[in-house]
Amino acid sequence: MLKKLFQKKNKKVAVLGLDGVPYTLLVTMMNNGHMPHLEKIINQGTLTSMTASIPEVSSTSWSCFMTAVNPGKHGIYGFMEIDPDSYSFKFPNTNDLASKTLWEIAGGNGLKSIVINIPSTYPAKPLNGELVAGFVALDLKKACYPESMFTHLSGMGYRLDVDAGKAASSMDAFIEDLTLTFKKRKEAILHYLRKKDWDLFVGAITETDRLHHYLWEAWENCDHPRHAFFIDLYTELDTFIGDFHNLLDKQTPFIMLSDHGFTTIRQEVYLNRFLQEKGYLSFTSDSPRSFQDMAPQSTAFVLDPSRVYIHTKKRYSRGCVETSDYKQLCDCLKKDLLEFQIDGKQVIKEIFDARDLYIGRETHRAPDLVLLPHEGFDLKGKITERNLYGRGLLTGGHTRENAMLYINRQIPSGNPNITDVGATILDLLGILTADLDGKSLV
C-alpha cells in the first residue's frame, strides 16, 4: 500500500516521453549533426541507456514508468488478455491498473499535473489537473479530463494517434498522416506546457514509434527512398525538444525517456504455430478466430508479444494441466523453445519464469513464462498463421535494452530500469512513498 512518509519542499518536474526511441539512435543522430538542440541540452545532465519492462511492450513499460512498480503490482502485462472463463479477448485499460500513478500520488499531496498522450491511460480518470490519454485511446471525449481539455483539443484538430492502417495501402498517405499527427501533438504539448499552474508535466511523442515500426529500414539504409524523411522527422523532433526545454526554468528538473529500444525485424515468429507443431496447442476449428476455439486438451498458448500461459485447471475453465504436472511441462516447453531455430539461428535468447520476474498482489494475472528473443526476431501470438515464420509490414521491432533516459542532473553510472524514472520523479517532487520498486536516481 502506497503511503506518504514525508514531504520535502515541492518543485516542478517536466517529463517528455519519446516512444520507442533507442539511446544509440539519439547518439548517432547527434554525432551526425542532426540534433544540435539535444546535443546542447545533454551537456547539462546525463544521457544514458535504460532497461525497459518484460515484456518489452508499450502498455507494460509505460505502466511501469507511471507507477514506479513492476507488473506484479500494477497488473498490466500486455495490450491484450483472454478471459479465463469465456476465453474471449479482453483489452486492459486504465481501470485495470492496480497501482497509483505518479499524478494520482502527486494529487494526493496537493500537486497539480498535466498529462498528455501517455499510453494505457484510457479512459481518462479524474485527477488534480488535466489529462488526455494516449494509445490505445478510442474516443477523444473519453480520453480527456476535464471536459475543458476536450473542448480545446477538439477545437485545434488534435489527433489521438497515427492511422497506421494507411501504411498497408499507401506509404505516402501514412507519412502524410504521421506528419499531421506529429504537428498536432507538438502543438498540444507546448500549449499546455506554457500553462504555469502545474507541478508535474508529462507529455509523450508516439509518432517516433510509428515511424520506427514501418520505416526502420529507411533509417538503416541510406539509399532507401524514405531515408531523408526519417532524418527530417528527427530534425523536427530536435527543434521541438529545444522549444520544450526553452519553456522551462533552468532549475526545473527535466527528464526525457523512452519505453523501449528498437531494432530491425529479420523474421516474424509465430509462436502459437510452433506450439501447435510441438503438440502443446490445438483448436477445435481448422481456421480458429480466437482462443474460444482452443481445444480443452491444449496445455499452453501465447499472447503477444512473448507471453506463454500454461492451460491449468486452476486458472482456466477448460484447463487441463494439473498442478502436479506444471513444473515438468514448463521444463519441456523451455527445452523446446530454446532449441527452436530458423535458418540455423537460435530464436529464443532467454526464458523467464513469472515467479522470478514479478512480485505483488497482481501476479495471478501474469504469464507463466516470458520469452526474450535474439535480436532480429519479432515474436508474435497470432493464431491464424500457417507458417512458423514470415514477414509483415513492420520493419522495426521492440527491444528491452537500449531504451533511453536523460535527466538534467548528474546520476550514478549503471543501467537504470524504467521503474526508477517514476521513483525519481516523486523524489524530485518532494514525495517519498513506500512500496515502490524503482529507486530514485538523484
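Computation of the quantities below employed the complete heavy-atom set of this structure, encompassing side-chain atoms and omitting hydrogens, waters and symmetry-equivalent molecules. This chain uses plain numbering: 1 for the first residue, then up along the sequence. Note that this is a predicted model, so its numbers are computed, not measured.
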Colleague: Is there a donor-acceptor pair closer than 3.5 Å between any side-chain N or O of T60 and the backbone N or O of S53?
Modeller: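 Such a contact is absent between T60 side chain and S53 backbone.
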Colleague: Which of these, K186, E207, R159, sits in a side-chain hydrogen bond (donor to acceptor under 3.5 Å, both in side chains) with T181?
Modeller: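 Exactly one option meets the side-chain hydrogen bond (donor to acceptor under 3.5 Å, both in side chains) with T181, and it is R159.
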Colleague: Assess, by modelled atom type and distance only, whether the side chains of D259 and S61 contain a donor and an acceptor separated by less than 3.5 Å.
Modeller: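 No, S61 and D259 have no side-chain donor paired with an acceptor closer than 3.5 Å.
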Colleague: Side chain of W62, backbone of S120: donor and acceptor closer than 3.5 Å?
Modeller: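 Pair absent, no side-chain N/O of W62 close to backbone of S120.
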Colleague: One pair to check against side-chain contact (heavy atoms from CB on, under 4.5 Å): R307 and D368. What are the steps and the verdict?
Modeller: CA-CA 7 Å; R307 296 173 286 156; D368 296 281; over 6 Å; no
Colleague: Run the side-chain donor-acceptor check on residues 128-143: report pairs under 3.5 Å with partners two or more places apart or on a different chain.
Modeller:
| unit_1 | atom_1 | unit_2 | atom_2 | d |
| --- | --- | --- | --- | --- |
| N128 | ND2 | L111 | O | 2.9 |
| E130 | OE1 | K195 | NZ | 3.4 |
| E130 | OE2 | K195 | NZ | 3.0 |
| D139 | OD2 | K141 | N | 3.2 |
| D139 | OD2 | K142 | N | 3.0 |

Colleague: Roughly how far, to the nearest 0.5 Å, is CE of M80 from OG of S59?
Modeller: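 So the OG of S59 and the CE of M80 are separated by 11.0 Å.
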Colleague: Assign the ring pair F91 / F89 to parallel, tilted or perpendicular, where the plane angle (0 to 90°) is split at 30° and 60°.
Modeller: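 It falls in the tilted class, 30° to 60°.
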Colleague: Do side-chain atoms of R315 reach the backbone of R365 as a donor and acceptor pair under 3.5 angstrom?
Modeller: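 The answer is yes, because a donor-acceptor pair under 3.5 Å joins these two groups.
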Colleague: State yes or no: are the ring centers of Y270 and F274 separated by less than 6.0 Å?
Modeller: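 No, they do not, as the ring centres are separated by 6.0 Å or more.
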Colleague: Say whether D85 and S317, considering side chains only, have a donor N or O and an acceptor N or O under 3.5 Å apart.
Modeller: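 The criterion, which ignores hydrogens and geometry beyond distance, is not satisfied for S317 and D85.
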Colleague: Do you see a donor-acceptor pair shorter than 3.5 Å between the side chains of S113 and D199?
Modeller: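 Side chains of S113 and D199: no pair found under 3.5 Å.
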Colleague: Find the distance between OG1 (T299) and CG (L275) and round it off to the nearest 0.5 Å.
Modeller: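 These two atoms lie 8.0 Å from each other.
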Colleague: How far apart are the C-alpha atoms of K380 and D304, what are their side-chain angles, what is the distance that settles it, and do they pass the side-chain contact (heavy atoms from CB on, under 4.5 Å) test?
Modeller: CA-CA 5 Å; K380 298 289 187 182; D304 277 337; 4.1 Å; yes
Colleague: Going through the checks in order, is the side-chain contact (heavy atoms from CB on, under 4.5 Å) test met by F240 and L237?
Modeller: CA-CA 5 Å; F240 167 70; L237 176 64; 4.3 Å; yes
Colleague: Measure from the side-chain N and O atoms of D177 to the backbone N and O of D163, and report whether any donor-acceptor pair falls under 3.5 Å.
Modeller: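 Flag set: sc D177 to bb D163 pair under 3.5 Å.
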Colleague: If you look at every heavy atom in P253 and R409, which pair is closest and at what distance?
Modeller: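 Nearest pair, atom of P253 first, then R409: CG-NH2, 3.2 Å.
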Colleague: Provide the closest heavy-atom pair for P55 versus Y358 in the form atom of the first, atom of the second, distance.
Modeller: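 Here P55 and Y358 meet closest at CD-OH, 3.6 Å.
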Colleague: Roughly how far apart are H224 NE2 and E217 CD, rounded to 0.5 Å?
Modeller: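 Between atom NE2 of H224 and atom CD of E217 there are 4.0 Å.
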Colleague: Using 0.5 Å steps for rounding, measure from the CG atom of N93 to the CD1 atom of I76.
Modeller: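 These two atoms lie 8.0 Å from each other.
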Colleague: So do the side chains of L271 and L371 get within less than 4.5 Å of each other, counting heavy atoms only?
Modeller: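 Answer yes - side chains close enough.
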Colleague: Please determine which of Y214, W216, W219 meets the side-chain contact (heavy atoms from CB on, under 4.5 Å) test together with T395.
Modeller: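 Among Y214, W216, W219, the one meeting side-chain contact (heavy atoms from CB on, under 4.5 Å) with T395 is W216.
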Colleague: Over all heavy atoms of both residues, which pair between D427 and S440 is shortest? Give the atoms and the distance, please.
Modeller: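 So the minimum-distance heavy-atom pair works out to OD2-OG, 2.7 Å.
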Colleague: Check whether D293 reaches the backbone of S285 with its side chain - one donor and one acceptor, N or O, closer than 3.5 Å.
Modeller: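 Between the backbone of S285 and the side chain of D293 there is no qualifying donor-acceptor contact (under 3.5 Å).
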Colleague: How about M35 and Y234: do any of their side-chain heavy atoms sit closer than 4.5 Å?
Modeller: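 In contact.
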Colleague: F291 and F301: ring pair (Phe, Tyr, Trp, His ring centres under 6.0 Å), yes or no, with the steps?
Modeller: CA-CA 9 Å; F291 284 102; F301 62 93; 5.1 Å; yes
Colleague: Hey, does the Lys NZ or Arg CZ of R318 hover above the aromatic six-ring of Y87, less than 6.0 Å from the centre and inside 45° of the axis?
Modeller: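 Relative to the ring axis of Y87, which defines the angle, R318 lies inside both limits.
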Colleague: For H398 together with H212, are the ring centres under 6.0 Å from each other?
Modeller: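 Not close enough - the centres of the two rings lie 6.0 Å or further apart.
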Colleague: Would you say P288 and T384 make side-chain contact, with heavy atoms under 4.5 Å?
Modeller: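 Side-chain contact under 4.5 Å: no.
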Colleague: Are the side chains of Q276 and K278 in contact, using a 4.5 Å heavy-atom criterion?
Modeller: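 No, their side chains stay 4.5 Å or more apart.
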Colleague: Can a donor-acceptor pair be found, under 3.5 Å and without considering hydrogens, that links the side chain of T399 to the backbone of T263?
Modeller: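 Between the backbone of T263 and the side chain of T399 there is no qualifying donor-acceptor contact (under 3.5 Å).
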Colleague: At their closest point, which heavy atom of Q297 faces which heavy atom of S282, and how far apart are they?
Modeller: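 Answer, listing the atom of Q297 first, then S282: NE2-OG, 3.6 Å.
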Colleague: Measuring from atom CG of N272 to atom CG of L388, what distance do you get when rounded to the nearest 0.5 angstrom?
Modeller: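 One gets 11.5 Å once the value is rounded to the nearest 0.5 Å.
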Colleague: When L428 is tested against each of V15, V13, T252 for side-chain contact (heavy atoms from CB on, under 4.5 Å), which residue passes?
Modeller: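 The passing option is V13.
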Colleague: Going by atom type alone, with no hydrogens or angles, which donor-acceptor pairs under 3.5 Å involve a side-chain atom of residues 340-350 and a protein atom two or more places apart or on another chain?
Modeller:
| unit_1 | atom_1 | unit_2 | atom_2 | d |
| --- | --- | --- | --- | --- |
| Q346 | OE1 | H374 | NE2 | 3.2 |
| Q346 | NE2 | L338 | O | 2.9 |
| Q346 | NE2 | I348 | O | 3.4 |

Colleague: At their closest point, which heavy atom of P367 faces which heavy atom of Y309, and how far apart are they?
Modeller: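 Shortest heavy-atom separation between P367 and Y309 comes out as CA-CE2, 3.4 Å.
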Colleague: Is there a side-chain contact (heavy atoms from CB on, under 4.5 Å) between L303 and E81 once you walk through the steps?
Modeller: CA-CA 7 Å; L303 295 179; E81 305 287 351; 3.9 Å; yes
Colleague: How about CD1 on I82, more than 12 heavy atoms from neighbouring residues, nucleotides or ligands closer than 6.0 Å, or not?
Modeller: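 Yes, enclosed.
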Colleague: Any side-chain donor paired with an acceptor under 3.5 Å for E401 and S49?
Modeller: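 Distance-only check fails for E401 and S49.
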Colleague: Identify the heavy atoms of V21 and S258 that sit nearest to each other, and give their distance.
Modeller: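 Shortest heavy-atom separation between V21 and S258 comes out as O-OG, 2.8 Å.
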Colleague: Within 45 degrees of the axis of the six-membered ring of F182 and under 6.0 Å from its centre: does K184 put its NZ or CZ there?
Modeller: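 Ring-cation test returns no.
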Colleague: With a 4.5 Å limit on heavy-atom distance, are the side chains of D19 and I205 in contact?
Modeller: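 No, every pair of side-chain atoms sits at 4.5 Å or beyond.
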Colleague: For the pair N70 (side chain) and G72 (backbone), establish whether a donor and an acceptor sit closer than 3.5 Å, ignoring hydrogens and angles.
Modeller: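 The answer is yes, because a donor-acceptor pair under 3.5 Å joins these two groups.
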Colleague: For residues 411-418, dump all side-chain donor-acceptor pairs below 3.5 Å to protein atoms at least two apart in sequence or in another chain.
Modeller:
| unit_1 | atom_1 | unit_2 | atom_2 | d |
| --- | --- | --- | --- | --- |
| N415 | ND2 | T51 | OG1 | 2.5 |
| N417 | OD1 | T419 | N | 2.9 |
| N417 | OD1 | T419 | OG1 | 2.9 |

Colleague: With rounding to the nearest 0.5 angstrom, report the NZ to CZ distance, K334 to F352.
Modeller: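 One gets 11.0 Å once the value is rounded to the nearest 0.5 Å.
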Colleague: Report yes if some heavy atom in the side chain of S290 is under 4.5 Å from a heavy atom in the side chain of S88; otherwise report no.
Modeller: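 No - every pair of side-chain heavy atoms lies 4.5 Å or more apart.
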Colleague: Answer whether the closest heavy-atom distance between the side chains of F254 and I407 falls below 4.5 Å.
Modeller: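 When only atoms from C-beta onward are counted, I407 and F254 do not touch, as no gap falls below 4.5 Å.
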Colleague: A side-chain contact here means heavy atoms from C-beta on lying under 4.5 Å apart; do K382 and R273 qualify?
Modeller: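 In short, these two side chains do not touch, never coming nearer than 4.5 Å.
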Colleague: Which class fits the ring pair H260 and F262: parallel under 30°, tilted 30 to 60°, perpendicular over 60°?
Modeller: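 Judged by the thresholds at 30° and 60°, the geometry between H260 and F262 is tilted.
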